[in-house]
Amino acid sequence: MTIDKDSYGSLALVYSLSALAVVLLFVFVRIPWLTWPLTASLLWFCIWQTRFFSVPDRKCSGTDNLVSSVADGRVVIAEKVFESEVLGKEALQVSVYMNFFDFHANFWPVNGEVTEWKYCPGKHMFAYKPKSSLENEHTWVKLRTASGKEIMFKQIAGGFARRIVCHADPGLKVQAGKQLGIIKFGSRIDILLPLDAKVKVKPGDLVRACESVIAEL
């Protein structure tokens with residue numbers, strides 16, 4: 001497990017503010033039964049933040065035809081939808097919601113090539129709300145596999161997220177299981193699949209990035 005390279009600044013800020021808070025507690029509060037529990041809580045928060053911004057080592061299950069999860073989390077949607085923003089047609093949607101305790105690094109779901117991508121600024125509603133897919137800050141990426149199948153996914157910022165990192169570029173060759181970026185704090189991933197894909201998960205399932213197969217093309 002390593003620290004995400006785009007998160008060093010965020011972690012440095014968290015550590016600095018936590019250290020300052022501890023100093024202020026001991027200088028101005030000086031109440032042992034209060035300062036020590038608060039210090040322990042801040043230490044736990046720093047440890048948790050380190051995990052939050054880490055990139056886990058995972059065994060890859062994605063291939064040209066097997067679609068692995070882009071993120072850790074819980075499946076909240078697995079159904080046919082009309083995708084109006086990019087595709088303009090019906091598709092199978094699998095949405096994975098990441099809470100504060102999940103790793104937030106994201107990984108390529110299949111082997112293939114990036115055909116299009118776009119960053120879209122927007123609101124910061126809680127990511128489990130249906131409207132967040134269109135109205136929240138997000139990126140969308142379209143991929144084409146070697147067999148010509150096309151899938152799309154969206155990185156959607158949540159109520160507290162203020163930055164999405166996506167290392168996509170048209171023409172980029174990608175490999176399933178390699179890191180594509182990170183969403184900082186609570187967020188959601190929408191994966192849009194062809195109608196003939198075989199979805200392997202259902203709402204309520206817990207999935208792990210790279211390792212959990214969510215669909216077969």
Side-chain angles (χ1 to χ4, degrees), residues 1-8 10-11 48-78 92-114 117 119 127-128 132-133 136-143 145 149 151-158 160-161 163-169 172-193 197-217:
M1 187 167 64
T2 59
I3 302 298
D4 173 66
K5 64 181 181 181
D6 295 297
S7 300
Y8 292 140
S10 298
L11 276 176
W48 168 68
Q49 285 288 294
T50 302
R51 181 185 185 278
F52 183 92
F53 290 118
S54 296
V55 182
D57 297 321
R58 297 284 173 81
K59 181 180 179 181
C60 177
S61 298
T63 63
D64 293 352
N65 297 312
L66 295 179
V67 183
S68 59
S69 183
V70 176
D72 286 6
R74 185 180 298 273
V75 176
V76 292
I77 297 174
L92 298 177
Q93 177 175 322
V94 176
S95 297
V96 177
Y97 178 72
M98 292 170 274
N99 65 32
F100 286 127
F101 299 99
D102 291 316
F103 289 104
H104 273 55
N106 300 154
F107 301 84
W108 297 109
V110 292
N111 300 326
E113 179 181 342
V114 176
W117 85 279
Y119 167 75
Y128 61 78
S132 67
S133 180
N136 274 23
E137 174 191 1
H138 65 278
T139 65
W140 58 261
V141 181
K142 289 176 70 175
L143 296 172
T145 69
K149 294 285 188 179
I151 70 169
M152 185 184 95
F153 66 86
K154 296 181 182 182
Q155 295 171 288
I156 304 167
F160 298 97
R163 188 180 179 205
I164 297 174
V165 178
C166 183
H167 301 297
D169 199 38
L172 178 68
K173 304 289 186 181
V174 301
Q175 183 179 343
K178 298 295 185 182
Q179 188 188 6
L180 69 90
I182 191 171
I183 314 176
K184 298 184 179 181
F185 301 101
S187 41
R188 189 175 108 191
I189 295 290
D190 287 353
I191 304 172
L192 286 304
L193 305 159
K198 298 178 181 178
V199 176
K200 304 290 188 180
V201 294
K202 62 184 184 300
D205 287 351
L206 293 174
V207 294
R208 286 164 59 90
C210 304
E211 295 181 348
S212 298
V213 173
I214 63 166
E216 181 180 355
L217 301 177

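What you see is a predicted model; the values in this text were computed from it and never measured.
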- Task: Enter the distance from Asn106:CG to Gln179:CD here, rounded to the nearest 0.5 Å.
- Result: 8.0 Å
- With Thr63, which residues qualify under side chain to side chain donor-acceptor pair (under 3.5 Å), at least two apart? none
- Rounding to 0.5 Å, atoms CD1 (Ile189) and CD1 (Ile214) come to a distance of 10.0 Å
- Message: What I'd like to find out is whether the side chain of Leu217 reaches to under 4.5 Å of the side chain of Val67, using heavy atoms alone.
- Response: yes
- Between CG of Asp102 and CZ of Arg74, what distance do you get to the nearest 0.5 Å? 9.0 Å
- Under 3.5 Å, is there a donor-acceptor pair between the side chain of Arg208 and the main chain of Asp72? no
- Item | Donor-acceptor contact below 3.5 Å, side chain Asn65 vs main chain Glu216 | no
- Message: Please check: side-chain N/O of His167 versus main-chain N/O of Val165, any donor-acceptor pairing under 3.5 Å?
- Response: no
- Message: Looking at every non-hydrogen atom in both residues, tell me the closest pair between Lys154 and Trp140 and how far apart they are.
- Response: CG-CB, 3.8 Å
- Task: Take Val201 and Ser212, measure what side chain to side chain contact (heavy atoms under 4.5 Å, CB included) needs, and give me the verdict at the end.
- Result: CA-CA 9 Å; Val201 294; Ser212 298; 5.9 Å; no
- Message: For Ser95, give me all partners under side chain to side chain donor-acceptor pair (under 3.5 Å), at least two apart in sequence or on another chain.
- Response: Gln93, Asp190
- Message: Between Ser68 and Pro109 (side chain of the first, backbone of the second, donor and acceptor by atom type, cut-off under 3.5 Å), is there such a pair?
- Response: yes
- Interatomic spacing from CG in Asn99 to NE2 in His104 - rounded to 0.5 Å: 7.0 Å
- Query: Say you draw a straight line from CD1 of Ile183 to CD1 of Ile156; how long is it, rounded to the nearest 0.5 Å?
  - Reply: 7.5 Å
- Under the criterion side chain to side chain contact (heavy atoms under 4.5 Å, CB included), which of Leu180, Leu193, Leu192 is the partner of Phe153? Leu180
- Steps toward side chain to side chain contact (heavy atoms under 4.5 Å, CB included) verdict (Leu66, Val110): CA-CA 7 Å; Leu66 295 179; Val110 292; over 6 Å; no
- Message: I want to check something: taking the side chain as every heavy atom from C-beta on, are Phe103 and Met98 in contact at a cut-off of under 4.5 Å?
- Response: no
- Query: Any side-chain heavy atom of Ile77 within less than 4.5 Å of one from Val94?
  - Reply: no
- Message: Can you confirm whether Gln155 sits close enough to Ser187 that some side-chain heavy atom of one is under 4.5 Å from a side-chain heavy atom of the other?
- Response: no
- Please confirm whether the backbone N or O of Ala168 pairs with a side-chain atom of Trp117, one donor and one acceptor, at under 3.5 Å? yes
- Task: Could you tell me the separation between the OH atom of Tyr119 and the NE2 atom of His138, rounded to the nearest 0.5 Å?
- Result: 10.0 Å
- Message: For Glu211 versus Ser61, what's the shortest heavy-atom pair and its separation?
- Response: O-OG, 2.9 Å
- Message: Does any part of the side chain of Phe107, heavy atoms only, come nearer than 4.5 Å to the side chain of Pro56, both counted from C-beta?
- Response: yes
